[in-house]
Amino acid sequence: MKGLYCQQNTVGEEITFVFQERENLPPTSEYYLKIGVKACALSSVDTKFLSAIKLENESLPVSLPVGREIAGVVLEVGSKVSFFQEEDEVVGILPLDSKESGLYETIVAHEQYFVHKPEKILWHEAAGTIRDGLRAYTALHYLSHISPEKAVLVMDGASPLGTIAIQLAHSRGAKVISTAYSVEDKQYLEKLRPTVGIKQPLVTRVIDVSSGKGDIAGSCLEETGGLGVDIVLDAGVKLFQKGDGPDLPLLPHKHDIITLLAIGGHWVTTMENLQIDPPDSHLLFLKGATISFLNDEVWNLSSGQQGKYLHILKDVMDKLSSGIFRPQLDEPVPLYEAIVSMEMVQKKEVRRRQVIQL
(Lines give C-alpha, C1' and ligand atoms only; values in the text may rest on other atoms or scores of the structure.)
Protein backbone atom coordinates (compact mmCIF):
# COMPACT_ATOMS: atom_id res chain seq x y z
CA MET A 1 0.00 0.00 0.00
CA LYS A 2 1.55 3.29 -1.14
CA GLY A 3 1.18 6.81 0.25
CA LEU A 4 2.73 10.09 -0.93
CA TYR A 5 5.30 11.90 1.19
CA CYS A 6 7.45 15.01 0.75
CA GLN A 7 11.14 14.84 1.56
CA GLN A 8 13.89 17.37 2.21
CA ASN A 9 17.37 16.00 2.87
CA THR A 10 19.33 19.22 3.49
CA VAL A 11 18.54 22.82 4.49
CA GLY A 12 17.56 24.88 1.46
CA GLU A 13 17.12 21.84 -0.75
CA GLU A 14 14.03 21.72 -2.94
CA ILE A 15 11.25 19.50 -1.62
CA THR A 16 10.75 16.24 -3.50
CA PHE A 17 7.75 13.91 -3.46
CA VAL A 18 7.99 10.13 -3.28
CA PHE A 19 5.72 7.15 -2.71
CA GLN A 20 6.37 5.16 0.45
CA GLU A 21 5.13 1.71 1.32
CA ARG A 22 3.20 1.01 4.52
CA GLU A 23 3.25 -2.56 5.71
CA ASN A 24 0.66 -2.62 8.48
CA LEU A 25 -2.45 -0.50 9.00
CA PRO A 26 -2.85 0.76 12.60
CA PRO A 27 -5.71 -0.90 14.52
CA THR A 28 -9.09 0.85 14.69
CA SER A 29 -9.22 2.01 18.32
CA GLU A 30 -12.16 3.43 20.33
CA TYR A 31 -12.97 6.73 18.58
CA TYR A 32 -11.35 5.97 15.24
CA LEU A 33 -12.64 5.13 11.78
CA LYS A 34 -11.11 2.90 9.14
CA ILE A 35 -11.81 4.64 5.85
CA GLY A 36 -11.47 3.44 2.28
CA VAL A 37 -10.24 6.57 0.48
CA LYS A 38 -11.96 7.38 -2.82
CA ALA A 39 -10.51 10.84 -3.55
CA CYS A 40 -7.83 13.11 -2.09
CA ALA A 41 -7.26 16.79 -2.91
CA LEU A 42 -3.76 18.20 -3.03
CA SER A 43 -2.61 21.34 -1.22
CA SER A 44 0.92 22.71 -0.96
CA VAL A 45 3.03 21.68 2.04
CA ASP A 46 4.04 24.67 4.18
CA THR A 47 7.17 23.44 5.94
CA LYS A 48 7.81 26.89 7.42
CA PHE A 49 4.42 26.86 9.15
CA LEU A 50 4.88 23.29 10.39
CA SER A 51 8.27 24.21 11.77
CA ALA A 52 6.82 27.27 13.54
CA ILE A 53 4.27 25.16 15.42
CA LYS A 54 6.90 22.48 16.14
CA LEU A 55 5.28 19.74 14.06
CA GLU A 56 8.23 19.38 11.71
CA ASN A 57 11.29 17.65 13.07
CA GLU A 58 14.33 19.84 13.54
CA SER A 59 16.59 17.10 12.20
CA LEU A 60 17.02 16.21 8.54
CA PRO A 61 16.01 14.40 6.41
CA VAL A 62 12.36 15.42 6.76
CA SER A 63 9.51 13.20 5.58
CA LEU A 64 5.94 14.52 5.77
CA PRO A 65 2.67 12.95 4.58
CA VAL A 66 0.92 14.58 1.62
CA GLY A 67 -2.82 14.79 0.99
CA ARG A 68 -5.11 15.73 3.87
CA GLU A 69 -8.48 16.54 2.26
CA ILE A 70 -10.12 13.17 1.69
CA ALA A 71 -13.47 11.61 0.86
CA GLY A 72 -14.22 7.93 1.32
CA VAL A 73 -16.30 5.10 2.78
CA VAL A 74 -16.25 3.97 6.41
CA LEU A 75 -15.05 0.35 6.49
CA GLU A 76 -14.86 -0.14 10.25
CA VAL A 77 -15.74 1.86 13.36
CA GLY A 78 -14.20 1.90 16.82
CA SER A 79 -16.16 0.74 19.86
CA LYS A 80 -16.99 4.29 21.03
CA VAL A 81 -17.66 5.95 17.66
CA SER A 82 -21.07 7.68 17.91
CA PHE A 83 -21.58 9.63 14.67
CA PHE A 84 -20.78 7.09 11.98
CA GLN A 85 -21.37 3.48 11.05
CA GLU A 86 -19.97 1.13 8.44
CA GLU A 87 -20.64 2.04 4.79
CA ASP A 88 -21.24 5.74 5.60
CA GLU A 89 -19.74 8.13 3.04
CA VAL A 90 -17.59 10.76 4.75
CA VAL A 91 -15.38 13.74 3.93
CA GLY A 92 -12.92 15.66 6.06
CA ILE A 93 -9.43 17.08 6.57
CA LEU A 94 -6.76 15.05 8.33
CA PRO A 95 -5.08 16.87 11.25
CA LEU A 96 -1.73 18.61 10.91
CA ASP A 97 0.06 15.99 13.01
CA SER A 98 -1.37 13.04 11.06
CA LYS A 99 1.19 10.43 10.06
CA GLU A 100 -1.18 9.13 7.36
CA SER A 101 -0.98 10.18 3.74
CA GLY A 102 -4.44 10.74 2.28
CA LEU A 103 -3.32 8.81 -0.80
CA TYR A 104 -3.28 5.48 1.00
CA GLU A 105 -6.15 3.28 -0.14
CA THR A 106 -7.13 2.76 3.51
CA ILE A 107 -6.43 4.99 6.50
CA VAL A 108 -7.35 5.14 10.19
CA ALA A 109 -8.39 8.53 11.61
CA HIS A 110 -10.35 10.04 14.51
CA GLU A 111 -14.07 10.57 13.88
CA GLN A 112 -13.90 14.22 14.99
CA TYR A 113 -12.33 15.28 11.67
CA PHE A 114 -15.16 14.08 9.43
CA VAL A 115 -18.74 14.81 8.40
CA HIS A 116 -21.18 12.89 6.23
CA LYS A 117 -20.90 13.34 2.47
CA PRO A 118 -24.25 13.88 0.70
CA GLU A 119 -24.96 10.98 -1.64
CA LYS A 120 -25.32 12.93 -4.88
CA ILE A 121 -21.92 14.65 -4.57
CA LEU A 122 -19.08 13.02 -6.50
CA TRP A 123 -16.04 11.92 -4.52
CA HIS A 124 -13.61 14.32 -6.17
CA GLU A 125 -16.04 17.24 -5.74
CA ALA A 126 -16.29 16.63 -2.00
CA ALA A 127 -12.53 16.30 -1.46
CA GLY A 128 -11.76 19.24 -3.75
CA THR A 129 -14.19 21.66 -2.08
CA ILE A 130 -13.81 20.98 1.63
CA ARG A 131 -10.70 23.11 2.31
CA ASP A 132 -11.63 26.07 0.12
CA GLY A 133 -15.09 26.03 1.69
CA LEU A 134 -13.54 26.04 5.17
CA ARG A 135 -11.27 28.96 4.25
CA ALA A 136 -14.11 30.97 2.74
CA TYR A 137 -16.31 30.43 5.81
CA THR A 138 -13.47 31.33 8.15
CA ALA A 139 -12.75 34.54 6.25
CA LEU A 140 -16.29 35.76 5.64
CA HIS A 141 -18.19 34.50 8.67
CA TYR A 142 -15.84 34.17 11.63
CA LEU A 143 -13.32 36.88 10.79
CA SER A 144 -15.46 39.51 9.06
CA HIS A 145 -19.13 38.70 9.91
CA ILE A 146 -20.67 38.99 6.47
CA SER A 147 -24.31 40.11 6.20
CA PRO A 148 -26.74 41.16 3.45
CA GLU A 149 -26.01 44.34 1.47
CA LYS A 150 -22.37 44.52 2.49
CA ALA A 151 -19.80 45.19 -0.24
CA VAL A 152 -17.16 42.47 -0.51
CA LEU A 153 -13.95 42.55 -2.55
CA VAL A 154 -12.59 39.09 -3.37
CA MET A 155 -9.12 39.28 -4.90
CA ASP A 156 -8.30 36.75 -7.65
CA GLY A 157 -11.89 35.57 -7.83
CA ALA A 158 -11.14 32.90 -10.45
CA SER A 159 -8.90 30.95 -8.05
CA PRO A 160 -10.34 27.93 -6.17
CA LEU A 161 -10.66 29.94 -2.93
CA GLY A 162 -11.89 33.06 -4.72
CA THR A 163 -14.63 31.18 -6.56
CA ILE A 164 -16.03 29.63 -3.37
CA ALA A 165 -15.75 32.96 -1.50
CA ILE A 166 -17.71 34.74 -4.24
CA GLN A 167 -20.44 32.12 -4.17
CA LEU A 168 -20.66 32.21 -0.37
CA ALA A 169 -20.78 36.03 -0.26
CA HIS A 170 -23.49 36.15 -2.94
CA SER A 171 -25.57 33.51 -1.13
CA ARG A 172 -25.48 35.79 1.95
CA GLY A 173 -26.85 38.73 -0.04
CA ALA A 174 -23.60 40.67 -0.32
CA LYS A 175 -22.51 42.81 -3.26
CA VAL A 176 -19.37 41.19 -4.69
CA ILE A 177 -16.50 42.89 -6.53
CA SER A 178 -13.56 40.84 -7.77
CA THR A 179 -10.24 41.14 -9.57
CA ALA A 180 -9.16 39.12 -12.61
CA TYR A 181 -5.52 38.28 -13.32
CA SER A 182 -6.06 37.38 -17.00
CA VAL A 183 -8.55 37.81 -19.82
CA GLU A 184 -9.69 34.21 -19.27
CA ASP A 185 -10.29 34.92 -15.57
CA LYS A 186 -12.32 38.02 -16.44
CA GLN A 187 -14.53 36.07 -18.85
CA TYR A 188 -15.00 33.31 -16.28
CA LEU A 189 -16.05 35.74 -13.54
CA GLU A 190 -18.43 37.65 -15.82
CA LYS A 191 -20.20 34.39 -16.70
CA LEU A 192 -20.69 33.24 -13.10
CA ARG A 193 -24.42 32.87 -12.39
CA PRO A 194 -26.37 31.30 -9.51
CA THR A 195 -27.84 27.85 -10.14
CA VAL A 196 -31.19 28.84 -8.61
CA GLY A 197 -33.22 32.06 -8.52
CA ILE A 198 -32.67 35.13 -10.67
CA LYS A 199 -29.79 34.59 -13.08
CA GLN A 200 -27.95 37.82 -12.29
CA PRO A 201 -24.12 37.80 -12.28
CA LEU A 202 -22.55 36.75 -8.99
CA VAL A 203 -19.91 39.46 -9.41
CA THR A 204 -21.19 43.04 -9.69
CA ARG A 205 -17.92 44.33 -11.10
CA VAL A 206 -14.80 42.59 -12.39
CA ILE A 207 -11.60 44.66 -12.20
CA ASP A 208 -9.10 43.52 -14.83
CA VAL A 209 -5.59 43.87 -13.44
CA SER A 210 -3.88 41.63 -16.01
CA SER A 211 -2.07 44.60 -17.55
CA GLY A 212 -0.85 45.79 -14.15
CA LYS A 213 -2.69 49.08 -14.59
CA GLY A 214 -6.06 48.31 -12.99
CA ASP A 215 -7.06 50.93 -10.40
CA ILE A 216 -8.49 48.69 -7.70
CA ALA A 217 -9.03 51.40 -5.09
CA GLY A 218 -10.63 53.81 -7.54
CA SER A 219 -12.88 51.14 -9.06
CA CYS A 220 -14.10 49.96 -5.64
CA LEU A 221 -14.81 53.50 -4.43
CA GLU A 222 -16.66 54.24 -7.67
CA GLU A 223 -18.74 51.07 -7.37
CA THR A 224 -19.69 51.83 -3.74
CA GLY A 225 -20.43 55.54 -4.25
CA GLY A 226 -17.30 56.57 -2.39
CA LEU A 227 -18.25 54.65 0.78
CA GLY A 228 -15.68 51.91 0.35
CA VAL A 229 -15.74 48.13 0.69
CA ASP A 230 -16.90 46.50 3.92
CA ILE A 231 -14.89 43.27 3.56
CA VAL A 232 -11.70 42.54 1.62
CA LEU A 233 -10.31 39.03 1.13
CA ASP A 234 -6.90 39.43 -0.46
CA ALA A 235 -4.74 37.04 -2.47
CA GLY A 236 -1.50 38.78 -1.53
CA VAL A 237 -0.44 42.44 -1.54
CA LYS A 238 2.71 44.44 -2.24
CA LEU A 239 4.55 45.41 0.94
CA PHE A 240 6.92 47.84 -0.75
CA GLN A 241 6.78 50.72 -3.17
CA LYS A 242 8.05 50.10 -6.69
CA GLY A 243 11.78 49.49 -6.69
CA ASP A 244 11.96 48.73 -2.95
CA GLY A 245 11.06 45.05 -3.11
CA PRO A 246 9.94 42.19 -5.37
CA ASP A 247 8.11 43.26 -8.53
CA LEU A 248 4.55 41.95 -8.20
CA PRO A 249 2.63 43.83 -10.90
CA LEU A 250 -0.75 42.09 -10.44
CA LEU A 251 -0.98 42.67 -6.69
CA PRO A 252 -2.28 45.89 -5.13
CA HIS A 253 -0.18 47.84 -2.66
CA LYS A 254 -1.26 47.46 0.98
CA HIS A 255 -2.07 51.18 1.09
CA ASP A 256 -4.60 50.71 -1.75
CA ILE A 257 -6.44 48.08 0.30
CA ILE A 258 -6.63 50.38 3.32
CA THR A 259 -7.76 53.26 1.09
CA LEU A 260 -10.71 51.33 -0.34
CA LEU A 261 -11.91 50.02 3.05
CA ALA A 262 -15.16 51.45 4.35
CA ILE A 263 -15.64 52.84 7.87
CA GLY A 264 -15.62 49.83 10.18
CA GLY A 265 -14.36 47.63 7.35
CA HIS A 266 -12.59 44.29 7.69
CA TRP A 267 -9.48 43.26 5.79
CA VAL A 268 -8.84 39.51 5.81
CA THR A 269 -5.33 38.77 4.59
CA THR A 270 -3.70 35.56 3.45
CA MET A 271 -0.24 37.05 4.04
CA GLU A 272 1.57 35.76 7.11
CA ASN A 273 4.28 38.46 6.87
CA LEU A 274 2.05 41.53 6.42
CA GLN A 275 3.71 44.71 7.73
CA ILE A 276 1.72 47.87 8.46
CA ASP A 277 3.58 51.20 8.63
CA PRO A 278 2.57 53.92 11.15
CA PRO A 279 0.76 56.11 8.54
CA ASP A 280 -1.29 53.12 7.36
CA SER A 281 -1.97 52.10 10.94
CA HIS A 282 -3.22 55.62 11.66
CA LEU A 283 -5.55 55.46 8.64
CA LEU A 284 -6.94 52.13 9.88
CA PHE A 285 -7.50 53.75 13.28
CA LEU A 286 -9.37 56.68 11.72
CA LYS A 287 -11.63 54.26 9.84
CA GLY A 288 -12.15 51.97 12.81
CA ALA A 289 -11.13 49.15 10.47
CA THR A 290 -9.60 45.79 11.36
CA ILE A 291 -7.11 43.34 9.88
CA SER A 292 -7.49 39.59 10.39
CA PHE A 293 -5.15 36.82 9.31
CA LEU A 294 -6.67 33.85 7.49
CA ASN A 295 -5.21 30.66 8.90
CA ASP A 296 -7.71 27.84 8.47
CA GLU A 297 -5.46 25.47 10.46
CA VAL A 298 -6.43 27.15 13.74
CA TRP A 299 -9.60 25.05 13.92
CA ASN A 300 -7.55 21.88 14.41
CA LEU A 301 -5.02 23.57 16.70
CA SER A 302 -7.68 24.18 19.36
CA SER A 303 -10.20 21.53 20.36
CA GLY A 304 -12.39 24.20 21.98
CA GLN A 305 -13.87 25.12 18.58
CA GLN A 306 -14.62 21.58 17.41
CA GLY A 307 -18.38 22.07 17.23
CA LYS A 308 -18.09 25.18 15.04
CA TYR A 309 -15.52 23.46 12.86
CA LEU A 310 -17.74 20.47 12.12
CA HIS A 311 -20.70 22.79 11.52
CA ILE A 312 -18.67 24.61 8.85
CA LEU A 313 -17.69 21.36 7.13
CA LYS A 314 -21.31 20.19 7.12
CA ASP A 315 -22.55 23.50 5.74
CA VAL A 316 -19.91 23.41 3.00
CA MET A 317 -21.19 19.98 1.92
CA ASP A 318 -24.81 21.17 2.07
CA LYS A 319 -24.03 24.11 -0.21
CA LEU A 320 -22.11 21.88 -2.59
CA SER A 321 -25.06 19.50 -2.68
CA SER A 322 -27.57 22.29 -3.35
CA GLY A 323 -25.44 23.79 -6.17
CA ILE A 324 -24.57 27.03 -4.37
CA PHE A 325 -20.91 26.00 -4.39
CA ARG A 326 -19.43 25.09 -7.79
CA PRO A 327 -15.70 24.60 -7.23
CA GLN A 328 -12.79 25.25 -9.58
CA LEU A 329 -11.59 21.67 -10.12
CA ASP A 330 -9.43 20.02 -12.74
CA GLU A 331 -10.40 16.61 -14.02
CA PRO A 332 -9.59 13.89 -11.45
CA VAL A 333 -6.03 12.60 -11.70
CA PRO A 334 -5.10 8.90 -11.36
CA LEU A 335 -2.81 7.85 -8.52
CA TYR A 336 0.20 7.19 -10.76
CA GLU A 337 0.26 10.90 -11.75
CA ALA A 338 0.13 12.12 -8.13
CA ILE A 339 3.83 13.08 -7.91
CA VAL A 340 3.71 15.25 -11.03
CA SER A 341 0.46 16.91 -9.87
CA MET A 342 1.85 17.57 -6.38
CA GLU A 343 5.01 19.14 -7.80
CA MET A 344 2.89 21.54 -9.84
CA VAL A 345 0.75 22.36 -6.79
CA GLN A 346 3.84 23.04 -4.66
CA LYS A 347 5.27 25.36 -7.34
CA LYS A 348 1.89 27.09 -7.84
CA GLU A 349 1.82 26.12 -11.52
CA VAL A 350 -1.87 25.15 -11.55
CA ARG A 351 -4.92 27.39 -11.24
CA ARG A 352 -7.55 24.76 -10.46
CA ARG A 353 -7.74 22.42 -7.49
CA GLN A 354 -6.01 19.09 -8.17
CA VAL A 355 -7.75 15.93 -6.91
CA ILE A 356 -6.42 12.37 -7.01
CA GLN A 357 -9.05 9.70 -7.71
CA LEU A 358 -8.31 6.36 -6.05
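Start at 1 with the first residue, then count along the sequence. Please read all numbers here as calculations on a predicted model, not as lab measurements.
Panel note: side chain T179, backbone I207; no donor-acceptor pair is recorded below 3.5 Å. No donor-acceptor pair under 3.5 Å is formed between the side chain of E337 and the backbone N or O of P334. Judged by distance alone, with hydrogens and angles left aside, the side-chain atoms of Q167 form a donor-acceptor pair with the main-chain N or O of R326 at under 3.5 Å. A donor-acceptor pair under 3.5 Å is formed between the side chain of K287 and the backbone N or O of T259. Side-chain N or O atoms of S219 include none that pairs as donor or acceptor with a backbone N or O of I216 at under 3.5 Å.
Using a 4.0 Å cut-off between charged side-chain N and carboxylate O, K254 and D234 make no salt bridge. Between E297 and R135 there is no salt bridge, since none of the side-chain N atoms of the basic residue sits less than 4.0 Å from a carboxylate O of the acidic one.
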Where do Q7 and Q20 land on the side-chain contact (heavy atoms from CB on, under 4.5 Å) test, with the steps shown first?
CA-CA 11 Å; Q7 289 187 342; Q20 292 184 5; 3.2 Å; yes

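For residues 172-195, no residue pair satisfies the ring pair (Phe, Tyr, Trp, His ring centres under 6.0 Å) rule, not counting sequence neighbours.
Taking the centre of each ring, F83 and H116 stay at or above the 6.0 Å mark. In this structure, the ring of W299 has its center less than 6.0 angstrom from the ring center of Y142.
Using a 30° and 60° split on the angle between ring planes, H110 and Y113 fall in the perpendicular class, above 60°.
Its side chain within the 4.5 Å cluster rule, F285 clusters with L286 among the Ile, Leu, Val, Met, Phe, Trp and Tyr residues.
In this view, R205 and E222, E223 satisfy the salt bridge (Lys or Arg N to Asp or Glu O under 4.0 Å) rule, not counting sequence neighbours.
Tested against D280 for a side chain to side chain donor-acceptor pair (under 3.5 Å), the candidates H253, H255, Q275 yield a single pass: H255.
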